[in-house]
Protein chains: 2
Amino acid sequence: MGTMTDHRPAEPMNWELYMPGISIDCVIFGYHNKELKILILEYKKSGIFALPGGFLRKDEELKDAAKRVLFERTGLRDIYLNQFHTFGSLKRGDIGPMHTVLRKNNMPFDNRHFLLQRFISVSYYALVDFKQVDPVADILSDSCQWYDSHHLPPLMLDHHEIFEKALEHLRNNIDRSVVGLNLLDDTFTMRELQNLYETILGEKLNRTGFHRKMMLSGQLKRLGKKKTGKAHRSPFVYKFTEEKK
Amino acid sequence: MGTMTDHRPAEPMNWELYMPGISIDCVIFGYHNKELKILILEYKKSGIFALPGGFLRKDEELKDAAKRVLFERTGLRDIYLNQFHTFGSLKRGDIGPMHTVLRKNNMPFDNRHFLLQRFISVSYYALVDFKQVDPVADILSDSCQWYDSHHLPPLMLDHHEIFEKALEHLRNNIDRSVVGLNLLDDTFTMRELQNLYETILGEKLNRTGFHRKMMLSGQLKRLGKKKTGKAHRSPFVYKFTEEKK
DNA sequence: AAATTATTGTTACAATATGTAACAATAATA
DNA sequence: TATTATTGTTACATATTGTAACAATAATTT
């Protein structure tokens with residue numbers, strides 16, 4: 001976790017520079033081995049798991065704050081980001097978990113500490129290339145790891161609800177080429193694209209119907225053939241006509 | 001403008017009870033005479049127009065805050081509400097307009113006044129029965145009026161962008177019966193329903209195709225006939241099978 | 001009372017999209 | 001050379017959508 005690079009801010013937080021009561025949470029999706037993966041933080045010594053998140057600087061655009069969080073966790077810039085909902089449930093005001101984190105880390109605080117107030121969470125989901133990501137833990141966390149979306153650890157506060165809503169929005173957007181562009185390699189076979197769809201939607205799709213729909217959609221360009229080494233006809237490889245960025 | 005009832009809070013705001021930097025803005029849609037209407041506030045003596053909005057109490061759910069704003073402006077409870085986006089552009093931090101409002105109203109303030117900070121706006125759209133609404137101005141405003149969505153006055157800050165995004169979401173949700181349930185009378189003819197669709201979508205629809213789609217959707221129940229007084233066949237009246245609430 | 005008018009409800013048919021099965025192509029293996 | 005597994009293609013049934021034609025009918029006009 002973060003052995004290669006460390007994007008953590010070196011200085012401790014100066015809370016004066018941040019908007020109080022507003023947090024940014026990110027559901028970071030990756031795709032590997034036919035599994036939809038999510039990046040999850042574990043707070044030091046507390047056994048508390050959470051979505052990667054951060055705060056909004058007073059001089060910063062919302063989306064830039066989300067980009068900053070993503071850079072700090074993944075080292076990647078120019079990531080696909082989509083704001084999907086803002087969560088403000090009062091049970092988010094449960095200071096228990098954060099209280100535990102501060103105490104276990106021997107950090108000084110009183111009950112009016114920035115982190116112990118009620119927070120409204122503006123939430124984004126991100127689509128990243130699993131292979132390019134080097135997950136980095138932050139100053140309060142001892143790990144930042146990919147988890148299969150079907151085997152998430154118990155998450156803090158309403159973070160599981162946030163994940164579920166993000167997945168719902170991802171499913172609604174699956175036909176936009178930006179999904180495949182960011183979760184697959186540059187080139188892929190039709191079966192690999194179908195596997196991605198089936199993983200995200202959580203259901204099997206008809207092979208020929210899928211093939212036809214994709215070819216008619218106009219978002220794919222067929223390239224050469226790909227030798228698989230298997231005892232059967234070799235598939236074509238495709239790429240999206242749209243540029244990644 | 002609030003001649004019948006006044007839902008304004010009697011007491012001046014105690015800013016201590018509210019989350020700083022977080023506002024709630026509402027795009028309130030009504031429908032009348034084949035026009036999509038929006039409720040707009042005009043601040044006293046300033047010529048500044050804005051969406052109805054308010055602030056989030058520290059002990060209040062986000063959606064309850066939006067409901068409170070709606071009640072204060074329309075006198076209605078149990079309104080259909082949908083959170084669609086959160087706006088946080090730095091240009092929202094432009095204190096010019098609010099500065100003007102406070103000054104013109106001879107309200108004391110300094111540059112750290114609650115209202116002069118940067119705000120993040122969690123935005124909802126609402127669907128209300130035009131005929132049941134009695135628009136009420138608030139303490140800073142001298143009017144709260146319906147405007148045709150095609151003839152809105154110039155709006156404060158990014159409020160026009162907020163309206164446009166709300167309309168986009170309304171258009172995406174138009175096939176859900178909740179739209180017709182809240183914008184039309186309990187019973188209506190097929191033509192009246194089609195008029196609503198055409199107004200919201202901003203385009204003409206094919207009559208027979210619309211009729212068939214609606215009947216096959218299963219969300220309509222046909223009642224008796226309606227004498228229109230016009231020299232032609234009288235239409236059926238319909239209602240939605242789903243209950244209003 | 002019969003013809004006219006305007007709009008509604010229904011039917012028909014074409015065009016398009018979707019679900020499913022059959023079949024041909026082919027790269028490696030037996 | 002035959003076998004095997006998977007791919008690309010074609011075919012056909014079913015469902016959906018776009019469009020036009022036509023029949024029904026409530027009030028008005030003649």
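Only heavy atoms go into these numbers, but all of them, side chains included; no hydrogens, no water, no symmetry mates. Each chain gets a letter, A, B and so on, in the order the sequences are listed, and its residues count up from 1.
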### Message
If you compare every side-chain N and O of Ser234(B) against the phosphate oxygens of dT25(D) (OP1, OP2), does one of them come in below 4.0 Å?
### Response
no

#### Entry: Atom-to-atom span, CG of Asn206(A) to P of dT9(D) - whole angstrom
16 Å

### Atom-pair distance (CZ on Arg191(B); C1' on dG9(C)), nearest Å
13 Å

### Task
Starting at atom CE of Met190(B), determine the distance to atom C1' of dT10(C), rounded to an integer number of angstrom.
12 Å

### Task
Whole angstrom is fine here: how far is it from NE2 in His232(B) over to C1' in dA3(C)?
18 Å

### Donor + acceptor pair across side chains of Asn172(A), His169(A) (<3.5 Å)
no

### Query
Below 3.5 Å, does any donor atom in the side chain of Arg212(B) face an acceptor in the base of dG9(C), or the other way round?
no

### Task
May I have the distance from Met215(B) (atom CE) to dT17(D) (atom P), rounded to whole angstrom?
16 Å

### Task
With Phe130(B) as reference, evaluate Phe29(B), Trp146(B), Tyr31(B) under the ring-ring contact (aromatic ring centres under 6.0 Å, His included) test and give the passing residue.
Trp146(B)

### Message
For dG8(D) and Tyr238(A) - does any side-chain N or O of the residue sit under 4.0 Å from the phosphate oxygens OP1/OP2?
### Response
yes

### Query
For DNA chain C, whose closest nucleotide is more 5', that of Lys213(A) or that of Lys230(A)?
Lys213(A)

### Query
Would you say His211(B) reaches dG9(C)'s phosphate, i.e. side-chain N/O to OP1/OP2 under 4.0 Å?
yes

### Query
What is the distance from CZ of Phe188(B) to P of dT8(C), rounded to the nearest Å?
15 Å

### Message
Using the salt bridge (Lys or Arg N to Asp or Glu O under 4.0 Å) definition, which of the options Lys131(A), Lys239(A), Lys244(A) pairs with Asp185(A)?
### Response
Lys131(A)

### Message
Please confirm whether the shortest side-chain N or O distance from Arg222(A) to OP1 or OP2 of dT7(D) is below 4.0 Å.
### Response
no

### Query
Would you say the side-chain atoms of Thr241(A) and Gln219(A) include a donor-acceptor pair closer than 3.5 Å?
no

### Task
State whether the distance check finds a donor on one side and an acceptor on the other, under 3.5 Å, for side chain Arg207(A) versus base dG19(C).
no

### Query
Hey, does Thr208(B) reach any base, or is it just sugar-phosphate, or nothing, if we go heavy atoms under 4.0 Å?
base

### Query
How many Å lie between CZ on Phe210(B) and C1' on dT16(D), as a whole number?
16 Å

### Message
From C-beta outward on Arg233(A), which listed nucleotide comes closest to its side chain: dT18(C), dT7(C), dA24(C)?
### Response
dA24(C)

### Message
Could you tell me if Arg222(A) sits above the aromatic ring of Tyr238(A), with its cationic atom closer than 6.0 Å to the ring centre and no more than 45 degrees from the axis?
### Response
no

### Query
In whole angstrom, what separates Leu216(A)'s CG from dA17(C)'s C1'?
9 Å

